[in-house]
Amino acid sequence: MSSNRQASAASPWRAPILFAALAVLFLLEGTVRNGLFSGSWNTALAILNMGLISAITALGVNMQWGYAGLFNTGVVGFLAIGGLAPVLVSLPPVQGAWDAGGPRLIGALLAGLGTLALAKIVYTRTGRIWAMALVLLAGLVAYRWLFDPAVLAIEANDSARTGNIGGLGLPVLLSWIVGGAFAAAAAWGVGKVALGLRSDYLAIATLGIGEIIVAVLRNENWLARGVMNVTSIPRPVPYEIDLQQNPAFVDFAARWGFGAAEASGIWVKLCYMSLFLVVLLGIILLAELALKSPWGRMMRAIRDNETAAEAMGKDVTARHLQIFVLGSAVIGIAGAMMITLDGLMAPNSYNPLRYTFLIWVMVIVGGSGNNWGSVLGAVLIWFLWIKAEVWGPNLIGALVGPLPEGDIKAHLLGSAPHMRFIAMGLVLLLVLRFAPRGLVPER
Amino acid sequence: MSDQDAVFGHRGNRDRSVVNPKGRGSIDGTRRSGSVGMGQAGDPFLIGEGMTGGYGKGADILHDCTIAVERGQIAVIVGPNGAGKSTAMKAIFGMLTLRKGSVRLDGRDITALNPQDRVKAGMGFVPQVNNIFPSMTVEENLEMGAYIRGDDIRRTMEQVYELFPAVAAKRRQAAGELSGGQRQQVAVGRALMTQPSVLMLDEPTAGVSPIVMDELFDRIIAIARGGLPVLMVEQNAKQAMMIADKAYVLVQGANAHTGTGHELMQNDEVRRTFLGG
Amino acid sequence: MDILNALVAFLNFVFIPAAAYGAQLALGALGVTLIYAILRFSNFAHGDTMAFGTAITILVTWGLQSWGVSLGPLPTALLALPVGIAATAALVLGTDRAVYRFYRAQRAAPIIFVMASVGVMFVMNGLTRLLIGVDEYRFDDGARFIIAVRDFREWSGLAEGLALRSTQALTLVVTVIVCAALFWFLNRTKSGKAMRAYSDNEDLALLSGIDPERVVRLTWIIAAGLATIAGTLYGLDKSFKAFNYFQILLPIFAAAIVGGLGNPVGAIAGGFLVAFSEVAVTYPWVKVAGYLFPGWQPGGLLQLLGTEYKFAVSFVILIVVLLFRPTGLFRGKSV
Amino acid sequence: EEIKMGMSLGFTGPLESMAPGMAAGAEMAMKEVSDSGLLLDGSTIVPVQGDSTCIDAAAATATVERLITAEGVKGIVGGMCSGEAIASLQNVAVPNGVVMISPSATSPALSTIEDQGLFFRTSPSDARQGEVMAEIMMEKGIKTAAVTYTNNDYGKGLADAFAAAFTAKGGTVTVNSAHDDGKADYSAEVAALAAAGGDALVVAGYVDQGGSGVVRAALDTGAFDTFVFPDGMVGQALVDNFGAEIDGSFGQNPAAEGEGREKFLEMAKTAGFDGTSAYSAEAYDAAALMLLSMAAAKSSDPNVWKNNVMDVANAPGEKILPGELAKGLEILNGGGDIDYVGASSIEMVGAGETAGVYREVAFDNGEMTVVGYR
Amino acid sequence: MIRVEDLHRHFGGFHAVDGASLTIETGSITGLIGPNGAGKSTLFNVIAGVLPPTSGRVFMDNEDITGLPPHTLFHKGLLRTFQLAHEFSSMTVRENLMMVPGAQSGETIWKTWLQRGRIWREEAELRRRADEVLDFLTIRHLAHEKAGNLSGGQKKLLELGRTMMVDAKVVFLDEVGAGVNRTLLMTIADAIIRLNRERGYTFCVIEHDMDFIGKLCDPVIVMAEGKVLAQGSAADIMKNEAVIEAYLGTGLKNKDMVGA
Ligand SMILES: Nc1ncnc2c1ncn2[C@@H]1O[C@H](COP(=O)(O)OP(=O)(O)OP(=O)(O)O)[C@@H](O)[C@H]1O
Ligand SMILES: Nc1ncnc2c1ncn2[C@@H]1O[C@H](COP(=O)(O)OP(=O)(O)OP(=O)(O)O)[C@@H](O)[C@H]1O
Ligand SMILES: [Mg+2]
Ligand SMILES: [Mg+2]
């Protein structure tokens, strides 16, 4: 079996060496200017920051897949629902929205949840489907009766600029935790329903659920303005403009030989980076502690052979639910962090290719089941994803250089942006080729 | 796998999936065969001589192990668990690469052939585990046994059904839904369908009931006496020794004792330590 | 009460479009399911394989059209299809050789195959765009309608119209033929059984004398054929746009899975289930109800959910189906 | 001097078929200025493309980050979609003090964003168009209409604005529902629209996206005969796609009275691309505006020339059409004043967006004819 | 200990278990034999909660346990092995054993963050116990091997070893002997007897090796076609005509062709 072959080939130095190589890539990106690298610290740090967020997302996916073998393809949904938190927590309240329909809206949501709970109780107590259906129907009517007017009123409230319920005006950092909680709550509901399914069937269920969550975010304007986007979400770090106007900072930058604009960009990104690193390392610490104890052993056993694990007294369903919720919470935290970094909530941008499958690529390339692997894979793949934008066209430029001028050359040069995909695909295939079990395989 | 299947039946597809890839093989089907060499004078029909090797890059499991079977005879391999019996069978069948030694069949050196080509060269094999096509019907399983045959297979199939009436009744049922013993019968039936020039069986009687075991041994004797050499691994050692023309005791990948079945049965030490009293 | 009008409205807006769309999904899902059953991974590159095959077919179609070749009422693309299939088969065989074969020899985990297929998807994606660009192309010629709305109204005197495009009919017919052929092939022929055997237990297939590489090749060729046919029919019916072929991948997967992965009949059923749930659940029944119960003036549109949620709806249906039948409508691979 | 100008457009992603036309438009303006040799003592303009992906804010931000901090561009034509444009503007362009002029981001949110005077757009905000469209329909005697919009801020904004205006004028919107771009099938949407009914169908989408799919399905099923097309739909592609099938339909798009657009189309033809492709003209104008503003400010520093954009775009001054950039540069170099009209009749108002004159078109006998302007 | 009342389990139209009623006395080692496909494994699976019964009841110590999930039954003291070994193939042999005991504090996620010391002590104890079991099964040298790489027979041993990691009340063994060396099998028989005598485990054993059954079991229950065919002491059963006809057979017919 190949498994033992590669495992034995992996030396303990593998991970440090790869991380060092990655660091060198970023150093080059920050300092060297050529066809491959941009030589700007701002670019390098910007890529790194998004890479760190991807790393946290990848950690969440790795918990679900690497530890427990749950194939969650609804990552985009949990990211999105986490992203809702900064909007609802940190945005200033919208004038008049609450009065227009707030209490009624809360009532509607409570009625909705109450109906579901009641339906469940009725079903378990009586075991009659029609009774449950009746409760659901009645609940639905009550819910719509409360919900629709409230939504209309809220959306009518200054609809061009707001039209949503607004936020609570709390610090945005708080929203990271709330984002995790949102995603965890959603995952709990999803898990209760869908975790009876396995593997590919679970995959398609979660894929659908991800789509549903995004569809809700896109179409429920009262919540976060839907496709109209929410902008200017507060930041936990200073604004560049303020820094540029702060003489002390300008002096400080000049001492290091940077212009104010450049330095302010770097400074802000460094601030973000520290915040992200704290979260990332905290999550890794907790994850590693859990993984390197009987809990981790139990999870591996469940992943290996559910039937046997069940026969050995492990409650497989409960454990699956636990890990699904934990992993999703981590993804939700990442979602909230991403919105904080972007300063923008744009539900249309949540597309599964980018936010589900690219994350999966990160986990697998890094080496599933290994936390450090996921981090490595995430930062690396994100780096490549961004750099492919430049490398692709440069590649085709180099390739068609010797061709004679003419239609074909013009056509190829015109299609150069699409080399982004080819470049990305080739890189991905190459990495998988040379490390078929991931860069840092599970030990 | 009847006891697994039951679980998956109502909870979803787990075995054949990204999560738990059971159907995946362990043999590299892309490997090409090397050339066939000459055999040595006075060789038995099939011989794996001085075989040394192991799985992948791992440590050696076989150490200079020699197994042979003559035309018309039954050779039995016994030994403690993990002695390397299955490994020796796999080595003879080309399913792991040998570091030393050679395999010769019917006057040719086939050490470099890949398993597919050994099948074409006339070898038939029933592995110890994973030896049926679970989602295909019993009948299709038997048909797959006759995959390389071009002639009419109905006659042989009838013979197999006669031998195993229990599976004949289930010929339209998916083999994965059978009981453990029934699956074993299908697996042996599949190999019989091949009409090979040498038959290799890895614990054919594991899990089958005494009455079926007797039938099976009867059949094996008949086959062997018909000229087809049979090489098998057995844990039901007492019964197996009774019918063995040649018996090998393997211990830790090396030949420990060799002789006729009768001789080994007489050998007290062998009987006590390996054959269960 | 006006049953005829209600029926025609239903046929025109729900049944026929959903059936054609369902058939397109089903054809795509067949390819996905086949790869899944035999090579054991979810092939994310399938959408882009479809796009590539269609692009080649279109290029050849243009060539044929410029020579003045046509098929009368049928689209010229049908003539170009074999070339498209051949080129696509060559491409996927090349991909297999360059990418997947390595992992097969390594006995890599299926998830690695899936990720490799994502890589292949990216490459094919770019390749198709290099080949034909990102624009939208229509390449249907021949007769557009079998039944046109206006003609139908005149002929029947009904208030409602009925349209049946030739591409819709073609899609349905081809789907039936392809499915029957595939089914026959897998269950009756020796090669088909060899493919199933390989999918069940690779090692044992090998020990039965089945050449695994031949099975793999055959699978890819069939998959390429299915992809090209599906892609071309889809393009004929709607239009060709490279980007859309990635988008169609999700409903295709949904169809393959809800039908029971690895089961061709399931793929067909799944395709129709997805299509009908998308169209029927979001259909406002007000018009049909108006014909059936004249005089009744419902307040709203009698729409269960807005079309914004159509994809969500079909997924909810899928999940419900899966909860009651966890291996899909038709028992998928489960051993 | 070599001046680098960035373009952050969605070359890959859902609107990938629109990006090349926009890039071609912008590059044409840059080439025109380069060739004239009149900008800042004969500076040449080097266009630098960046792929904003249209939907991935993070990728767009990284792209603009690269354009600005690594390539050192002096202005950016882009972003293409509102969300991505906002993210890259706020996170990169504003902190670095670089001007972005978007040809196609129409979200109202961009009007009020804190941009330090660094953001402009050459496409009008949607509110006005809704008004115009409702007016035209009323005049044609259309009292009920179904509306379908592409599910993004452009589509939704426009559809809502239209619905408000139309209702205010006494019309009825039977249904106002979204369609997603790049989807496999639009039967469900069309079935819903048909069931709601109406005298006409307003398609607030993109011609090379879902908009065409909806129209196609509506025509085939006979659900609607008359369509109303706003700016995202009006274009040669519409005629190519549907020919005589949409006879009797009409629409409007922002375009100046006069020969601006025609001239642009001609130039595009000579340059070898399709000038009618969506937002291509706006992209030309965006690029031209930036370069003219540099000339007016006599500096390529965006923090300086950002203050000249409004002047250059608006009266007083000589009117400048496409192809006359050299003339404009000469005037500006001589200290004169110009009023850039360009291909899409630029008139900047308020927070740096165009007021928009609309051209009314009708479709007859398989052709698109200009009916008038309002 | 275990009482099964009129149990049915159907697969489609096929009645795998067709009205079986039997009792397993506390403290006994009950043998369960029968032809292939008699429904023995199916019966086990129903009792162990892996399969829901079509109809019928299962009681354990007079408590109705029908349809309880396997992990609940485990905690009630009901353990089972699988006919086809279900090892945790990517874990080491020792880990396979150490994961078995329930109620490990290290299996609660927050305790892994806060109670490292306690977990460490528990682990040391578990490792000791696992090594004892490995010694007994003669596979101590494989402690660090991945379970997936074991030989067929070794996997069966591991399967048995797991039941020795905890104090069970009743253990169901599904063909522990198939593929296990006969000498070792007799040692296993001794172990089962010891567990039975010293720790009071109740056993129910499916096996086709009549030497093993004869040495170990009393009473022996014979199943055929989903029903109980006979029940009695091993010696009685081996004399029973019906059992001989359906199951035991009369030995080799081609004996004379041997040894030529
Ligand atoms: N999932 C299933 N679907 C259909 N039939 C099944 C299924 N599982 C088992 N059977 C049938 O039920 C019968 C009993 O099977 P079971 O595995 O209980 O036999 P057994 O007594 O354990 O036999 P063995 O000694 O060979 O293990 C068999 O005939 C088998 O074909
Ligand atoms: N795939 C594998 N990779 C590595 N080691 C293996 C593999 N399969 C078996 N082994 C090791 O090789 C040794 C011999 O195994 P083999 O299967 O040949 O034993 P066996 O004699 O057939 O035993 P049994 O009677 O239990 O079937 C065992 O110690 C086992 O751990
Ligand atoms: Mg063995
Ligand atoms: Mg059994």
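Per chain, numbering begins at 1; letters A, B, ... match sequence-line order.
- With sequence neighbours left out, A/E389 forms a salt bridge (Lys or Arg N to Asp or Glu O under 4.0 Å) with D/R66.
- Between C/T95 and C/Y100, some side-chain heavy-atom pair lies under the 4.5 Å cut-off.
- The environment of A/Y123 atom OH is sparse: at most 12 non-hydrogen atoms of other residues, nucleotides or ligands sit within 6.0 angstrom.
- Atom CG of residue A/N62 and atom CH2 of residue A/W360 lie 9.0 Å apart, to the nearest 0.5 angstrom.
- For A/V427, no part lies near chain C; criterion is any non-hydrogen pair under 4.5 Å.
- Contacts between residues 240-251 of chain C and chain A, defined by a heavy-atom separation under 4.5 Å, are made by C/F246, C/L250.
- For the pair C/N125/A/I422, no side-chain contact is recorded, criterion being any heavy-atom separation below 4.5 Å from C-beta on.
- Listed for the A/S374 side chain is no donor-acceptor partner under 3.5 Å among the backbone atoms of A/G366.
- Contacts between A/R433 and chain C at a heavy-atom distance below 4.5 Å involve backbone atoms as well as side-chain atoms.
- Proximity to chain C (any heavy atom under 4.5 Å) is restricted, for A/I396, to the side chain, taken from C-beta onward.
- Residues C/F113 and C/R40 fail the side-chain proximity criterion, which asks for heavy atoms closer than 4.5 Å.
- Contact annotation for C/Y103: only side-chain heavy atoms (C-beta onward) come within less than 4.5 Å of a heavy atom of chain A.
- In this structure, A/R354 contributes its side chain and A/Y350 its backbone to no donor-acceptor pair below 3.5 Å.
- Neither the backbone nor the side chain of C/M124 comes within contact range of chain A; no heavy atoms are under 4.5 Å apart.
- Using a 4.5 Å cut-off between heavy atoms, A/L428 contacts chain C through its side chain alone, with no backbone atom that close.
- The main-chain N or O of C/R196 is found under 3.5 Å from a side-chain atom of C/S199 such that the two form a donor-acceptor pair.
- Options A/V216, A/L358, A/L426 differ in how many heavy-atom pairs under 4.5 Å they form with chain C, and the most are formed by A/V216.
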* List the steps and the verdict of side-chain contact (heavy atoms from CB on, under 4.5 Å) for A/I213 and A/I209. => CA-CA 6 Å; A/I213 295 177; A/I209 285 157; 4.1 Å; yes

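- Annotation: maximal heavy-atom pairing with chain C below 4.5 Å, among A/M424, A/E220, A/R218, occurs at A/E220.
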